[in-house]
Structures are given as structure tokens and as C-alpha cells.
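Following: one structure in C-alpha cells, then a few remarks.
Fair warning: this is a prediction, and the values are worked out from it, not measured in the lab. Along the sequence shown, residues are numbered consecutively beginning with 1.
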Amino acid sequence: MLARAEERFDSFQLLPEDFDRYLPSIQGSDSHSYKNYLVRCQKCFEDLLFKNCRSDSLMALRSQMIDRLMVHLFYQAAGVLPFKKGEVFPVALIAQGGYGREEMSLHSDIDLLFLFKNKKGDLKVFAEKVLYPLWDLGLDVGYAVRTVGECKKLFFDDVTIMTSLLDARYITGDLSLFAELKKTIQKTISPITAQKKLMKMKLDEWKERIQKLGGAVFLLEPNVRDSLGGLRDIQLLSWIAKIQGMEGGLDVLKKEGLFKGDEYQHLLDGLNFLWMVRNHLHLLVGKKSDTLGFSYQEEIAKRLRYSDYSGILAVEKFMQDYYRTVQQVHRVTDTVIRRMTWRKQNIFKRFLTIPISDQFHIAEDQISVRKKNVFEKNPLNLIQIFEQVQKTGLSLHPETKDLIRSSLYLFEDKLLSNEKAIRSFRSMMNAYDNLGKVLMEMHDTQVLGEWLPEFKKVLCRVQHDVYHIYTIDTHSIFAVNELSKLAKGEYGDQFKIFREALREVVQPELLTLGLFLHDIGKGEGGSHSTKGAVIANKLTQRLGYSEEEQKTVEFLVLSHLMMPHLSQRRDLEDQELIIQFARSMGTVDRLNMLFLLTWGDMRAVGPNSWTDWKGTLLERLYFKTREVISRGEFSMEKTRERVARVKESLLSRMGERHNRETVGRFFSMMPPRYFFASSDENIERHFQLVSQARSEEVLVQQRYSAAQNLNEIMIYTVHSPQVLAQVTGVMLARSVNILKMDAFQTTDGHLLALVGVTDAGGKPIPQWEKFEGIAHELKEVLHGRMKVDELLARKEVPHYLAKKPVQKAESRVAIDNDVSAYYTVIDIYAHDRLGLLYEVMSTLNRMGCYVDVSKISTKVEQVSDVFYVKDLFGKKIMSNEKLKQIKEELLKVAGA
């Protein structure tokens with residue numbers, strides 16, 4: 001349970017009678033005096049904020065600071081209007097919205113209502129005289145000029161106006177006018193039909209807002225006010241209460257008995273924590289801002305006195321507290337809103353139930369308990385109720401969730417070791433149907449952390465990078481839910497290969513548990529795969545898995561990063577690599593499970609984490625490895641025999657359509673790796689391209705690959721170490737995004753280069769005209785008639801990589817001479833920028849390195865590119881001094 005946020009920071013509270021000594025006086029009636037007043041107000045606000053003044057006190061004080069300015073401006077304006085002595089000034093100045101609720105952050109907007117008895121010209125002039133000084137001061141002011149009648153008319157027409165009026169607070173002016181407005185509003189909302197209509201308007205607006213902002217608590221850059229579990233959720237409680245005739249804040253709801261247990265205190269603490277974060281955010285950004293941007297999170301964590309500890313970053317601790325807070329806020333507000341709307345529902349609908357077992361039934365299309373003591377009587381039901389979620393696909397009733405949360409004390413060692421409870425959980429994990437929903441319901445009721453104590457450390461834990469959108473716990477559940485969706489057929493034929501692999505899995509619970517636990521080590525800091533494997537082993541022992549089953553789950557957790565790394569960062573045509581990987585898998589069943597785990601993991605990282613290109617690479621690794629395991633070809637000798645078989649088979653088929661001798665000569669020119677890297681169809685296409693070539697000619701063709709969702713440009717030219725660097729330069733000038741490059745040097749001194757590309761936005765390039773321009777410039781550059789630098793200088797290169805500033809990637813260069821028998825492998829990690837790839841390729845060229853294979857990977861704004869290189873003599877680079885020089889030069893480029 002989340003520690004009380006304000007207590008954590010030793011906050012102190014201001015009493016209303018203390019406010020006067022913190023409110024500066026306004027020393028004059030000109031813009032300079034007003035500006036000076038606001039500067040002193042801000043200084044006071046900042047001082048109290050950094051001294052950890054309790055947020056509700058600080059927000060109320062800020063509201064009164066603005067009140068003092070408004071009263072001053074009001075009477076300054078009133079003094080220039082012609083009124084008889086003793087006549088009541090016929091206007092009320094009213095605060096609305098957050099200002100009306102006295103919830104003002106440093107740069108909150110000032111929402112005003114000028115309420116008139118009737119709109120006369122001189123009164124409109126009066127409103128302007130109040131507003132102009134505010135605008136001159138640069139304040140964000142929203143205002144309306146209305147009569148009471150107009151307010152009543154607009155109340156049902158506009159949900160924003162309705163909520164503003166519900167929050168209306170008198171500042172100064174004609175008090176009787178304000179009283180008339182409040183009386184009119186109360187009379188308007190008193191009928192039950194009106195209340196139902198207004199509640200529906202508010203709830204519909206809330207749902208639309210949440211859906212627009214991602215519909216999840218755990219977002220990379222949450223909106224403190226508007227995201228799920230944010231300040232708006234708490235304000236929604238207040239608005240519904242006011243619609244139902246209850247005046248006041250959360251304390252009124254408490255008196256009405258709408259909170260149970262610690263709910264009121266949790267909500268109050270959450271509110272103050274969110275306000276504190278929002279106040280620091282306003283101060284840091286220097287203007288009104290509610291999005292907790294990635295680039296601000298570290299500084300706010302520092303201001304709130306978080307610190308790094310045991311491999312966990314301060315910002316990760318802060319965001320974990322943030323997510324725990326909003327998760328708790330969402331749970332409480334959702335529950336209380338349901339209680340408030342429950343009182344207005346049809347009685348018949350509330351009591352219509354369908355029995356599904358002795359303990360549970362369906363009420364209002366949700367699973368509910370038949371008796372309130374169902375868990376106390378038999379704690380085993382705390383696990384078995386989720387079997388009903390899996391069978392029916394229905395959610396738990398909110399009151400049942402409340403009952404479960406209040407029964408968590410029943411999770412003792414006796415229940416954790418109960419054989420029936422373990423069988424029940426394992427049974428659920430052994431079926432894909434609705435399993436993601438089951439785990440999310442267990443998570444929402446806090447059962448997950450009680451049933452699997454090992455999982456508690458990753459609850460609401462965030463990984464501070466721009467790639468991981470969700471918290472670790474949510475990501476793990478989303479990953480399992482991908483398997484549920486796949487098994488249910490929700491993706492149709494989109495992931496046909498993965499669905500076939502899913503059908504072959506012998507024991508689904510090992511896959512689902514391995515996927516669910518794959519990141520559990522991230523709660524420990526350090527190497528999460530290794531630590532996670534140890535945790536998984538202990539957990540599976542407790543759940544009664546056999547030694548062999550324990551080893552399988554441990555293997556999946558330990559190896560879960562292997563397939564993304566190999567598929568995206570290693571040469572998949574290196575048969576020695578494939579053989580080593582196949583040996584580590586051992587069986588097709590283990591390969592299937594790791595294949596599906598990788599898919600679920602990648603799909604659940606974020607909405608844009610999965611791409612067709614990544615899918616193609618993953619499938620290629622899977623098929624190549626599966627073939628080795630199935631054939632039992634775990635040696636290079638058998639691989640060479642396979643190359644000979646492939647050549648003979650291709651020669652037999654292609655010889656029917658082409659001159660057999662010419663085909664044979666083409667095969668003899670190409671290196672062995674080429675036959676693993678290319679499909680039969682592509683080999684024939686390349687043969688036709690090469691057959692057209694004259695000795696010095698540069699040939700360029702392109703084709704669209706639907707399977708990979710990219711364009712492949714084929715280039716055949718005389719071999720030169722500069723070719724690939726020149727190609728990257730042309731692509732840069734044309735704003736073309738390179739995903740991969742393969743180069744095959746022929747025995748007669750030519751080069752076949754295959755370049756996979758998309759447009760700057762990552763989509764295939766549709767215009768053939770653009771390829772004509774690319775082909776022309778490639779030929780000009782490769783023939784030496786045009787220089788890349790000249791091409792870049794005269795082209796207007798759009799800055800498609802100029803995005804909002806986020807986490808700056810640390811530049812790193814790693815050189816591996818062991819992973820490949822024939823190449824030196826260079827990994828480069830850096831912050832993405834325009835022209836980086838071209839500069840890297842040019843540097844390698846200048847250093848005497850010939851690139852045969854490169855893989856380009858970009859995650860948001862961080863690149864991790866790999867290059868398979870040889871020296872100019874076609875050998876691995878073995879000199880330590882040379883390797884050191886290469887690394888130093890590449891680091892200069894990567895860190896520029």
C-alpha cells in the first residue's frame with residue numbers, strides 16, 4: 001500500500017487564519033504595481049512549495065492571492081462608472097473551475113464569470129476594464145459575461161459551462177446576484193431526470209477524454225490532470241456530488257458514507273501528491289503544463305528528494321510512486337462513482353442475477369458473490385473466483401472487487417501453499433482464453449501481489465526510457481494478453497505463423513508463466529534476466545512444478561532477450577550463429593515458446609514497438625533455427641553439404657528457363673552466405689539483374705516487399721570500399737530511411753548490394769518517380785560523375801528526425817571478434833540524428849573497413865546499429881591497436 005505522500009515529504013499545513021501573513025499587499029494601481037505584486041506572490045508560493053507546504057493549503061493560498069488582485073481591479077473599474085451613492089453595484093464577480101474550487105497551481109488559468117442583472121453597455125465596458133490589466137500582465141484568463149437567465153439556458157447545452165457553474169465561488173460584487181445564481185442551479189438540478197441527464201453528460205465526457213488520452217493509468221508521459229487516475233477523476237466525484245445536491249468537497253462524500261475503510265485518506269493523499277507534482281511541473285516549465293513530460297521527470301524526482309539506490313534510478317522510484325498513486329486514485333474514484341450512480345439505478349436491474357456456481361452469480365453483466373462472507377468462509381474462493389472470469393470473459397462487479405480488497409488479509413502461508421489454490425491458478429495459466437483479463441482483474445483487486453509475493457517489487461515499476469510505454473507489471477500482463485488475443489483469432493491471418501506455433505506448444509502454462517515472469521527481475525536492479533530466472537525458479541518450486549518444468553520456465557526468463565537481439569542485431573545468414581542458437585534451444589517446443597514469448601513481449605512494449613520489419617527478422621530466425629533442429633544439422637560440414645544441395649536444386653529449376661551454363665557461372669561467383677540470405681525467387685531476380693550488366697555499368701532496380709513492408713533497392717556495380725558509404729549519402733540526400741544493407745562481393749570484382757528502405761516516416765515509398773531520381777543519383781555518384789557532399793549541399797534535407805527532446809542516449813561502441821568466424825562485428829549505440837549513418841559508414845570507409853552487412857535499428861530517438869566488417873584484404877581485423885583507433889573514431893561520430 002502506498003505510503004502517505006505528504007508524510008513522506010514532512011509537509012506542513014497552513015490554517016486559513018495564517019493566510020493573511022503570506023498575502024502581499026498591492027502597492028499602487030498601475031501595471032508596475034500589479035506586476036510587482038505577482039512577482040512577490042510567486043516568490044512566496046515557491047518558498048512554501050520547496051518547504052513542503054501541504055498542497056491543498058498552497059493551492060488555496062494561491063487562489064486567495066488572485067482573489068486579492070481581482071477585488072482590487074474590480075473596485076478600480078467600478079470607481080470610474082456613474083452610480084448614485086448607496087446604489088448596489090449590479091454585477092457579481094465569480095470564480096469558476098479550478099479557481100472556483102480554490103485549486104490554483106502557479107500558472108493555472110483564471111476562469112471568471114461577470115454576472116449581471118441585465119447587460120448594459122457600460123457594464124460590458126466595466127468587464128473590459130477588469131480584464132485588460134490581467135491580459136497586460138500575461139495571465140491566462142478565461143471569462144464569460146452572462147445573466148442568471150443565460151446561465152440557466154446554457155446549463156444543459158454545454159457540459160463545460162455546466163461544470164464551471166457547479167464550481168462557482170463568490171469573489172466580490174452583488175452577493176444577492178450570486179445567491180440567485182446558486183438558487184437557480186439548485187432548482188435546475190433537483191429533478192431526478194435532470195440529475196440522470198447531467199451525470200450521463202459528465203460520465204460520457206470523462207470516457208471520451210480518457211479514451212483520447214490512451215485509456216490507461218500507466219503512460220510514458222501521463223497528464224497529471226486529465227489522464228486516468230489524474231486530478232480530473234477526483235474532480236468528477238465532486239461534480240457528481242453537486243449534481244446530486246451535495247455541496248462541498250470530499251469531506252461531504254465522507255459524511256454521506258460513500259467512502260469505506262481507508263478510501264477517503266488514500267484519495268486525499270493522492271490528491272495532495274498530484275497537486276505537488278503539478279506545482280513543481282508548472283514551476284519547472286514556467287507556464288501552465290499538465291503533461292509530465294519525459295524530459296521533466298528526472299528533475300522533478302530530484303526536487304522531491306528521490307535518490308538512486310541499488311541500481312534503481314531516482315526517477316524510476318518517483319514514477320513508481322506516481323503510478324501507484326494514480327492507480328489507487330482510479331480504483332477509489334471508480335468505486336465511489338459507481339456507488340453514487342448505483343443509488344439512481346433501476347431496482348429490478350440491480351437484483352436480476354444469473355447463478356454460475358454455489359458461490360458466485362452474474363449481476364449487471366458482471367461476476368458477483370452470492371454471499372458477503374464467501375471469502376471469509378473459504379479463502380480458496382479468492383483464487384477460484386478468477387476461474388469464473390476466465391470461463392465467462394466477464395469482469396468482476398465493483399462491489400465484489402471492494403470485498404476482495406478488504407479480504408486480502410486472508411492471504412497467509414496456508415492459502416499460498418494450498419494445493420487446490422495452486423491447481424486452480426495453474427489451470428488458468430494453462431489456457432489462453434481470457435488469461436490476460438484474468439491477470440488484469442487479479443492485478444486490479446491486488447490479489448496478484450498477494451498470491452505471487454515475488455511480483456510485488458515490479459508493481460507500478462517504470463523503466464525510465466522512451467521505448468517502454470507501460471510499467472513493468474502492466475507490460476507483463478499485456479504481453480500475456482497478446483497470447484489470449486492470438487489464440488482467440490482476433491488478429492485473423494495477420495500473425496499466422498505465430499498462431500501455428502501456438503498450437504504446437506505442448507504445455508501452455510510454461511509459456512504463459514514464462515512470459516508473465518520475463519521481466520520480474522527488474523525489481524532487483526542489475527541484470528534482470530539472470531535475477532529473474534532465479535526468482536522464477538523459486539516461484540515454480542512453490543507452485544509444484546516438476547524439475548524439468550522449472551528449468552523450462554527458468555530458461556524462458558533467462559533467454560527472453562535472445563531472439564530480439566539475434567534477429568535485429570546479428571547476421572541471420574551466418575550459419576555458425578544459427579547452429580549455436582539451435583543448440584541452445586534443444587527442441588522445437590522450446591523454440592516455439594521463446595518465439596511466442598518474444599512476439600508477446602515486443603507487441604506489449606508500446607503501440608509502435610512492433611513493426612513488420614521486426615516481425616520478418618524474427619520469423620527468419622525462427623525458420624532457420626527450426627530447420628537446423630528438425631534436420632539435426634548441428635555442424636558446419638553439414639551446412640556446406642546443404643549449400644551444395646541448394647545450388648544443385650536451384651540450377652535444376654532455373655536451368656529450365658535460363659542458360660544452364662550462365663546460371664552455373666553466376667552461382668560460382670557468389671559467396672556461400674548469399675545462398676542462405678536469399679530466397680529462390682530473389683536469387684532468380686538477382687541473376688536476371690546481373691546478366692544484363694556490362695563490365696563498368698551500374699544497375700539499379702527496386703521492388704516492394706509486402707512481407708517486410710519496405711522497398712528493396714538492388715544495386716550491382718564494380719566493387720569499391722566506398723560503395724556503401726556513397727549509397728547512404730544518396731539516401732540521406734533523398735530523405736530515405738535505411739533499415740538494412742547486405743553486400744555480396746563476387747569473384748569477378750563486382751558488388752551486389754541490397755538496401756531495405758522506407759520513407760522518413762517508416763512507410764514504404766509509393767512514388768516510382770522518386771525511385772527514378774534515386775536511381776539516377778546513385779548511378780552518377782557510383783560512376784564518379786557526382787560527389788555525395790555536393791549532392792547533400794544542394795539538396796534541402798528535411799529534418800524528419802527533429803522531434804521533441806527526450807532522453808539522450810548514451811553513446812557506446814562495442815567491438816566483438818568472437819561472435820562471427822569471418823567478420824569483426826561493431827555495435828554502435830547513440831542518440832539518433834540526421835546523417836548519423838552516413839557519417840558512420842564514411843568513417844569506417846576512411847579507417848579501411850569494408851562493410852558486408854549492416855542492420856539499422858531505431859527505438860524512438862535511440863539507434864543501435866550493427867556492422868559486420870572486414871579489412872581491405874577481406875579478413876577480420878585482429879590488431880588491438882587498429883580496433884582501438886576504430887572505436888575512438890566511431891565514438892567521436894556517435895557522440896557528436
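- Scanning all heavy atoms of the two residues, the minimum distance from V730 to I774 falls at CG1-O, 4.3 Å.
- Screening D574, D852, D742 against R673 for a salt bridge (charged side-chain N to carboxylate O under 4.0 Å, His left out) leaves a single residue, D742.
- L778 is listed as a side-chain neighbour of I715, based on a closest heavy-atom distance under 4.5 Å.
- The distance from the CZ atom of F666 to the CG atom of L689 is 8.5 Å, given to the nearest 0.5 Å.
- Inter-residue side-chain proximity for R626 and N592 is flagged as met; some heavy-atom pair is nearer than 4.5 Å.
- Proximity of M741 to M841: side-chain heavy atoms (C-beta onward) are separated by under 4.5 Å at one or more points.
- Contact record, L752 with Y674: CD2-CE1, 4.0 Å, taken as the closest heavy-atom pair.
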Test log, rule salt bridge (Lys or Arg N to Asp or Glu O under 4.0 Å), inputs R653 and E684: CA-CA 10 Å; R653 291 197 300 276; E684 186 162 359; over 6 Å; no
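- Side-chain contact between H658 and Q688 is present, with at least one heavy-atom pair separated by less than 4.5 Å.
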Trace of the salt bridge (Lys or Arg N to Asp or Glu O under 4.0 Å) decision for R685 with E681: CA-CA 6 Å; R685 184 181 290 110; E681 178 189 356; 3.1 Å; yes
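- No donor-acceptor pair under 3.5 Å is formed between the side chain of S559 and the backbone N or O of M562.
- One distance of note links CG of N737 with CG of N711; it measures 11.0 Å at 0.5 Å rounding.
- Of the possible donor and acceptor atoms, one in the side chain of K855 sits under 3.5 Å from a partner among the backbone N and O of S567.
- No donor-acceptor pair closer than 3.5 Å links the side chain of D493 to the backbone N or O of K496.
- The number of heavy-atom neighbours closer than 6.0 Å to NZ of K876, taken from other residues, nucleotides and ligands shown, is above 12.
- Side-chain contact between L844 and V840: present, with at least one pair of heavy atoms (C-beta onward) separated by less than 4.5 Å.
- Residues forming a side-chain contact (heavy atoms from CB on, under 4.5 Å) with L561 (at least two apart in sequence, or on another chain): H528, S529.
- Listed for the S678 side chain is no donor-acceptor partner under 3.5 Å among the backbone atoms of N682.
- To the nearest 0.5 Å, the span separating CD1 on I520 from CG on L517 amounts to 5.0 Å.
- Judged by the 6.0 Å distance and 45° axis criteria, R590 is positioned over the aromatic ring of F555.
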Please evaluate residues S854 and Y868 with respect to the criterion side-chain contact (heavy atoms from CB on, under 4.5 Å), reporting the C-alpha separation (whole Å), side-chain torsions for both, the decisive distance (0.1 Å), and the verdict. CA-CA 6 Å; S854 72; Y868 278 67; over 6 Å; no
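- Taking the ring centroids of F675 and F667, they lie under the 6.0 Å cut-off.
- Of all the heavy atoms in V723 and V718, the pair that sits closest is CG2-O, 3.9 Å.
- Within the 4.5 Å cutoff, the side chain of H560 has heavy atoms near those of the D519 side chain.
- Taking the six-membered ring for Trp, Y850 and H719 have ring centres closer than 6.0 Å.
- Remark: the backbone N or O of S864 is paired with a side-chain donor or acceptor of R569 at under 3.5 angstrom.
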Would D601 and H475 count as a side-chain contact (heavy atoms from CB on, under 4.5 Å) here? Give the steps. CA-CA 8 Å; D601 184 15; H475 161 72; 2.8 Å; yes
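- A side-chain donor-acceptor contact under 3.5 Å links S668 to the backbone of R665.
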Step-by-step side chain to side chain donor-acceptor pair (under 3.5 Å) determination, Q726 to Y838: CA-CA 8 Å; Q726 291 171 324; Y838 172 60; over 6 Å; no
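- The backbone N or O of G773 sits nowhere less than 3.5 Å from a side-chain atom of H776 that would complete a donor-acceptor pair.
- Within 6.0 Å of the CD atom in E888, the count of heavy atoms belonging to other residues, nucleotides or ligands exceeds 12.
- Looking at S652, its side chain never comes within 3.5 Å of a backbone N or O of S649 through a donor-acceptor pair.
- Contact detail for M593 and V505: the closest heavy-atom pair is CG-CG1, 4.0 Å.
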Given side-chain contact (heavy atoms from CB on, under 4.5 Å), test E839 with T728 step by step and report yes or no. CA-CA 9 Å; E839 290 177 34; T728 59; over 6 Å; no
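- Between E889 and K892 there is a salt bridge, with a side-chain nitrogen of the basic residue lying less than 4.0 Å from a carboxylate oxygen of the acidic one.
- Summarising the geometry of A894 relative to S811, their closest heavy-atom pair is O-OG, 3.2 Å, with the distance given to 0.1 Å.
- The six-membered or imidazole ring of F744 lies away from that of H686, with a centre-to-centre distance of 6.0 Å or more.
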List the steps, then state whether side-chain contact (heavy atoms from CB on, under 4.5 Å) holds for L739 with L710. CA-CA 9 Å; L739 289 177; L710 52 72; 3.8 Å; yes
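- Once rounded to the nearest 0.5 Å, the distance linking CG of L566 with CG of L577 reads 5.5 Å.
- Within the cation-pi definition used here (under 6.0 Å to the ring centroid, within 45° of the axis), K870 qualifies as a partner of Y823.
- To the nearest 0.5 Å, atom CE of residue M563 and atom CG of residue L618 are 5.0 Å apart.
- How far CG of L724 is from OG of S842: 11.0 Å, rounded to the nearest 0.5 Å.
- The one candidate from I886, D871, I877 that meets the side chain to side chain contact (heavy atoms under 4.5 Å, CB included) condition with T824 is I877.
- For the pair E697 and K779, the salt-bridge criterion is not met [side-chain N within less than 4.0 Å of a carboxylate O].
- Nearest heavy-atom pair, P764 versus N709, reported as atom, atom and distance to 0.1 Å: CG-OD1, 3.2 Å.
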Determine, step by step, whether R785 and E790 satisfy the salt bridge (Lys or Arg N to Asp or Glu O under 4.0 Å) criterion, reporting the C-alpha distance in whole Å, the side-chain angles of both residues, the deciding distance to 0.1 Å, and the verdict. CA-CA 11 Å; R785 294 192 288 263; E790 294 172 359; over 6 Å; no
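- Here the side chains of L791 and L732 are not in contact, with every heavy-atom distance at 4.5 Å or above.
- The closest donor-acceptor contact from the side chain of D589 to the backbone of V506 lies under 3.5 Å.
- The aromatic rings of Y622 and F595 sit parallel to each other, their planes meeting at less than 30°, with 60° as the upper class boundary.
- Within the 4.5 Å cutoff, the side chain of I815 has no heavy atoms near those of the V825 side chain.
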Begin with the C-alpha distance, continue with both residues' side-chain angles, and end with the deciding distance and a verdict on side chain to side chain donor-acceptor pair (under 3.5 Å) for Q722 and S720. CA-CA 5 Å; Q722 291 84 24; S720 161; 2.4 Å; yes
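- Judged purely by atom type and a 3.5 angstrom limit, S609 uses its side chain to pair as donor or acceptor with the backbone of M602.
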